[in-house]
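Both counts, for ligands and for their atoms, begin at 1 and track the order of listing.
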Amino acid sequence: MKVSEHIANADNTLFSFEVLPPMKGKSIDSLYAHLDPLMEFKPSFINVTYHRSEQIFKKRSDGIFEKIDIRKRPGTVGICAAIMNHYQVDAVPHLICGGFSKDETENALIDLNFLGIDNVLALRGDAPKNEKVFVAHPHGHRFAIDLVKQIDNLNKGIYVEDDIVEGVKTDFSIGIAGYPEKHFEAPNLEIDIMYTKEKMNAGADYITTQMFFNNAKYFEYLEALKAANINMPVIAGLKPISTKKQLSILPSVFHVDLPTELSMEIMKCKTDKDVEQVGEDWLVMQCKELIAKKAPVVHFYTLGKPQIVYNVMKRIL
Ligand code: FAD
C-alpha cells in the first residue's frame with residue numbers, strides 16, 4: 001500500500017522506521033536482527049536509505065594509485081523487496097539524483113514497479129564526502145524536483161526513452177524531504193518552502209522531515225507550509241541521541257539545533273549509557289506531544305540504535 005493511502009486511512013498517528021542497507025560484504029541478517037524486535041509495533045512502512053558511490057584512491061599492484069568508485073552500502077531496491085517479503089510490510093526506497101543518470105533512475109523505477117513497490121522518497125542527495133558542493137550527473141538531475149517530475153511522468157506512462165509509446169503507467173506515491181530548520185543551502189525557510197511547493201505541484205504526495213529535537217520547530221513548520229498553501233501530510237522524523245559526541249556532530253552534519261535543555265542534560269551525563277537514557281526520555285516526550293497533536297506519522301531514524309526506539313515504543317503505546 002502507498003504511504004499516502006496509509007495516512008489517508010488512519011485515525012491515529014502511525015509509526016515507521018528507517019534503516020540503512022548493510023555495508024557491502026555483510027549479510028542481510030544483520031538488518032533483520034535490527035528490525036525483528038521493532039516489528040512487534042506493526043510499523044506502517046519501513047524506509048531504506050540510498051547511498052551514492054564514493055571515489056577512493058586504491059593502490060594497484062604496480063604501486064600506482066587509481067581513482068575508483070565504490071558503493072559501500074548497495075542494495076536499496078533488493079532490500080526493500082526482501083523486507084516486504086520477509087515481514088509483509090510496505091517498504092519505501094529512497095532514490096537520489098546524485099550519481100545517477102535519468103536512464104539509470106528509470107531502470108531502478110522499472111525494477112521497483114516489477115517488484116510491486118509503489119512508494120519512493122525522492123531526494124537530491126548530497127555531495128560525496130570528498131567534494132564540497134553537489135554536482136549533478138551529466139545526464140542526471142540537479143534538484144529533487146526533477147526526480148519528482150521523472151517519477152510523475154512514469155506514472156503517466158511517459159518514459160525518458162522517448163521511443164516507448166503507450167508505456168506501462170506506474171503508480172508511485174512520491175515522498176519528498178522537508179526541513180523544519182530549513183535546508184542548509186537555502187537562503188531562508190520561505191524560499192526553501194517555495195521549492196517544496198514546486199515539488200508538490202510536480203506530483204509529490206507527502207513530506208518526511210529532517211530530524212528535529214524541538215517539536216515547536218515542527219509545529220511552526222506546519223504553519224509555514226499551511227500559509228504557503230501546501231497541504232501535504234508531514235511525517236515527523238525523530239532520531240534517538242545516544243552519544244555525547246552527537247551534541248556537535250548532529251548540528252554539523254544535519255544542520256539542526258539541539259534545545260538547551262536537552263544539551264544541558266546530555267552534558268551532565270557521565271557515560272554514553274546515561275546519554276541513551278536522556279535520549280530515550282526526550283524521544284518519549286517528543287512522541288507524546290506529536291501523538292496528542294495528531295502528527296500523521298512518527299518516523300524513527302533507527303540507524304544503529306533499535307534498542308532505544310524499542311524502549312520508546314514500549315513507553316508510548
Ligand atoms: P532539493 O529539493 O533538490 O533541495 C536542495 C536545495 O536546493 C535546497 O536548499 C532547496 O531549497 C534548493 N532548491 C530546491 N529546488 C530548487 C530549484 N528548483 N532551484 C533552485 N534551488 C532549489 N540523502 C541520501 O544521500 N540518501 C538518503 O537516503 C537520504 N534520505 C533522506 C531522508 C530524509 C527524510 C531527509 C530529510 C534527507 C535525506 N537525505 C538523504 C539527505 C538529502 O539528500 C539532503 O538533505 C540533500 O542535501 C537535499 O535533498 P532534497 O531532496 O531536499 O533536495
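Side-chain polar atoms of His141 and Gln150 form a donor-acceptor pair below 3.5 angstrom. Side-chain atoms of His6 and Ser4 include no donor-acceptor pair closer than 3.5 Å. In summary, the side chains of Glu40 and Tyr310 do present a donor paired with an acceptor at a separation below 3.5 Å, with no hydrogens or angles considered. The closest side-chain donor-acceptor pair between His139 and Asp103, if any, does not fall under 3.5 angstrom.
Lys217 is listed as a side-chain neighbour of Asp257, based on a closest heavy-atom distance under 4.5 Å.
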For each nitrogen or oxygen atom of ligand 1, which protein N/O atoms lie closer than 3.5 Å, and how far apart are they, rounded to 0.1 Å?
residue, atom, partner, partner atom, Å
ligand 1, 2 (O), Lys199, NZ, 2.6
ligand 1, 3 (O), Ala144, N, 2.9
ligand 1, 9 (O), His183, ND1, 2.8
ligand 1, 9 (O), Ala186, N, 3.3
ligand 1, 11 (O), Asp192, OD1, 2.7
ligand 1, 26 (N), Tyr50, O, 2.7
ligand 1, 28 (O), Tyr50, N, 2.9
ligand 1, 28 (O), His94, ND1, 2.8
ligand 1, 30 (N), His94, ND1, 3.0
ligand 1, 43 (O), Gly125, N, 2.9
ligand 1, 45 (O), Tyr179, OH, 2.7
ligand 1, 47 (O), Arg124, NH2, 3.1
ligand 1, 47 (O), Asp126, OD1, 2.5
ligand 1, 47 (O), His183, NE2, 2.8
ligand 1, 49 (O), Tyr179, OH, 3.4
ligand 1, 51 (O), Arg124, N, 2.9
ligand 1, 52 (O), Tyr179, OH, 2.8

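Cluster membership for Leu283 and Phe15, using ILVMFWY side-chain heavy atoms within less than 4.5 angstrom, is shared.
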